[in-house]
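Whatever order the structure lists them in is the order used to number ligands and atoms, beginning at 1.
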Amino acid sequence: MQSNKKRLINAKVTGVGMYVPEKVLDNKYFESIIDTNDEWIRTRTGIRERRMLENGATSDLATKAVEDLIKTSNLDPKEIDCIIVATVTPDMFFPATACLVQNNIGADHAWGYDLSAACSGFLFALQSGASLIEGGSYKKVVVVGADKMSSIVDYTDRNNCILFGDGAAAVLLEPTENMDDGIKDSLLRCDGSGKESLHMLGGGSLNPPTHDTVDNKMHYLFQDGKAVFKVAVKGMADVSVEMMEQNDLKSEDIAFLVPHQANLRIIDATANRMGITRDKVMINIEKYGNTTAATIPLCLVEYYRDGKLKKGDKLILAAFGAGFTWGSMYMVWSMD
Ligand code: UT7
């Protein structure tokens, strides 16, 4: 990221919104469909429940999150300049989910696009949105993390189906000339050699859909959990520690670590490496599982609305996902 010494404008979060579908899949439900048990799921992952969208698509999740944002921040959709939707479960290859959201909410003057970075999607999209604001041409950018993971999960694969859920959350970015406020710094990375461990092979230009791709379950998410676990801890912790060092942040300066919610053990290991205690880590994995691009903004919205996240709080956001993609962001919370 461009050093904030050279910037004249920061992007800050001035509104939030979220949506999770009503249907709850608890661990007991999985006991009824696969060979698993509540104790294994809780102790290995930290998850108790996740949500599932029964009717509709990712654009419906995203639209409801943005409608919540619009309502709670008195935003006129016509003022929105750009909508960025981070997702790996777009309604379709094209048009982009962002266009569908734009139409649903009547954002008549907006442009928009989807961003594919899996579980790091929200961080990548937030940096993209921040850059539009920092450039000076855009005043209101909506960044959404939304995924309907139930559409690509194989509910006979016990290694993975227990992990994922559906959800969406959104933030509004606006400019500030106070360089001590808003998004201050980011370190984002990708490494395509990680594609063997976490991917969905079918449906794209490499393996266009055929009867064979369906028979071979290539339209489902595949994850080698153990392999991803190791690199996820190292990836998230390394960039987060680097972020603290390059901003002279001690662990006591940080109000909250906001980690991607993939596994409570990964979250704990990352926090340990940063010297951050559990009480300063945002966690809601027990309720929603891994909602991919939505985990980090869902945490932000819930902690803010619960009164735990306060204006001026220094946050480190951290994510790791398919690609591999990973990164860390330093943000000062702007909302009262
Ligand atoms: O968000 C994107 C990034 N993703 C991640 O960060 C996820 C990273 N990985 C993980 O979170 C963990 O690796 C998992 C939760 C996926 C798995 O936990 P683990 O401690 O790595 O378990 P494991 O894969 O080593 O499996 C241990 C055992 C195996 O049995 P054997 O081979 O030792 O007999 C599995 O077959 O647990 C078994 N197992 C299960 N048992 C009950 C796997 N899934 C289940 C299950 N219920 N659902």
Side-chain angles (χ1 to χ4, degrees), residues 25-50 86-89 116-124 145-150 152-167 188-200 220-240 257-271 273 281 283-286 288-299 317-328:
L25 301 183
D26 62 12
N27 291 348
K28 278 260 171 279
Y29 167 76
F30 286 90
E31 287 181 359
S32 74
I33 62 163
I34 50 165
D35 178 15
T36 191
N37 59 78
D38 172 58
E39 209 253 333
W40 190 95
I41 302 174
R42 272 190 294 103
T43 53
R44 304 312 287 167
T45 71
I47 301 167
R48 290 172 186 272
E49 296 177 353
R50 57 303 275 149
T87 186
V88 285
T89 51
S116 173
C119 298
S120 309
F122 184 75
L123 282 199
F124 283 29
D147 271 300
K148 185 187 174 186
M149 296 307 290
S150 61
I152 59 167
V153 162
D154 174 2
Y155 284 95
T156 65
D157 170 10
R158 73 169 184 168
N159 293 294
N160 288 307
C161 69
I162 49 119
L163 299 172
F164 294 95
D166 302 339
L188 304 174
R189 304 273 185 267
C190 73
D191 176 3
S193 69
K195 73 172 194 278
E196 303 305 330
S197 310
L198 188 44
H199 55 233
M200 190 175 88
Y220 289 130
L221 166 155
F222 166 84
Q223 172 171 246
D224 175 350
K226 220 188 251 304
V228 177
F229 191 104
K230 284 185 206 140
V231 279
V233 172
K234 183 168 164 32
M236 286 217 290
D238 282 355
V239 282
S240 299
L257 166 67
V258 194
H260 170 53
Q261 313 277 306
N263 186 315
L264 193 54
R265 292 181 294 138
I266 296 178
I267 293 171
D268 281 339
T270 304
R273 282 271 307 276
V281 184
I283 297 170
N284 62 10
I285 190 171
E286 71 283 358
Y288 305 130
N290 183 349
T291 54
T292 302
T295 62
I296 288 177
L298 279 174
C299 277
L317 282 48
F320 190 94
F324 295 129
T325 55
W326 69 104
S328 176

Considering [options] one by one, which has a heavy atom nearer to [atom] than any of the others?
atom                    : options                        : value
atom 12 (C) of ligand 1 : Asn263, Asn290, Thr43, Ile41   : Asn263
atom 48 (N) of ligand 1 : Arg158, Arg265, Met236, His260 : Arg158
atom 27 (C) of ligand 1 : Phe30, Phe320, Trp40, Phe324   : Trp40
atom 2 (C) of ligand 1  : Ser197, Ala232, Cys119         : Cys119
atom 21 (O) of ligand 1 : Gln261, Lys230, Lys226         : Lys226

Self-check item: Cys119 vs Asn290, side-chain contact (heavy atoms from CB on, under 4.5 Å): CA-CA, chis, key distance, verdict
Solution: CA-CA 9 Å; Cys119 298; Asn290 183 349; 4.0 Å; yes
Quiz item: Counting N and O atoms only, with roles assigned by atom type, does the side chain of Thr89 sit under 3.5 Å from a partner on the main chain of Met149, one being a donor and the other an acceptor?
Solution: no
Quiz item: Do Gln261 side-chain atoms and Asn284 backbone N/O form a donor-acceptor pair below 3.5 Å?
Solution: yes
Quiz item: Does any N/O atom on Thr45 come nearer than 3.5 Å to any N/O atom on ligand 1?
Solution: no
Practice problem: Please determine if Leu163 has a nitrogen or oxygen closer than 3.5 Å to a nitrogen or oxygen of ligand 1. | Solution: no
Quiz item: With distance as the sole criterion, is a donor-acceptor pair present between the side chains of Ser197 and Asp224 under 3.5 Å?
Solution: no
Quiz item: Do Thr291 and Asp147 have side-chain N/O donor and acceptor atoms under 3.5 Å apart?
Solution: no
Quiz item: Which residues pass the ring-ring contact (aromatic ring centres under 6.0 Å, His included) test with Phe222, sequence neighbours left out?
Solution: His199
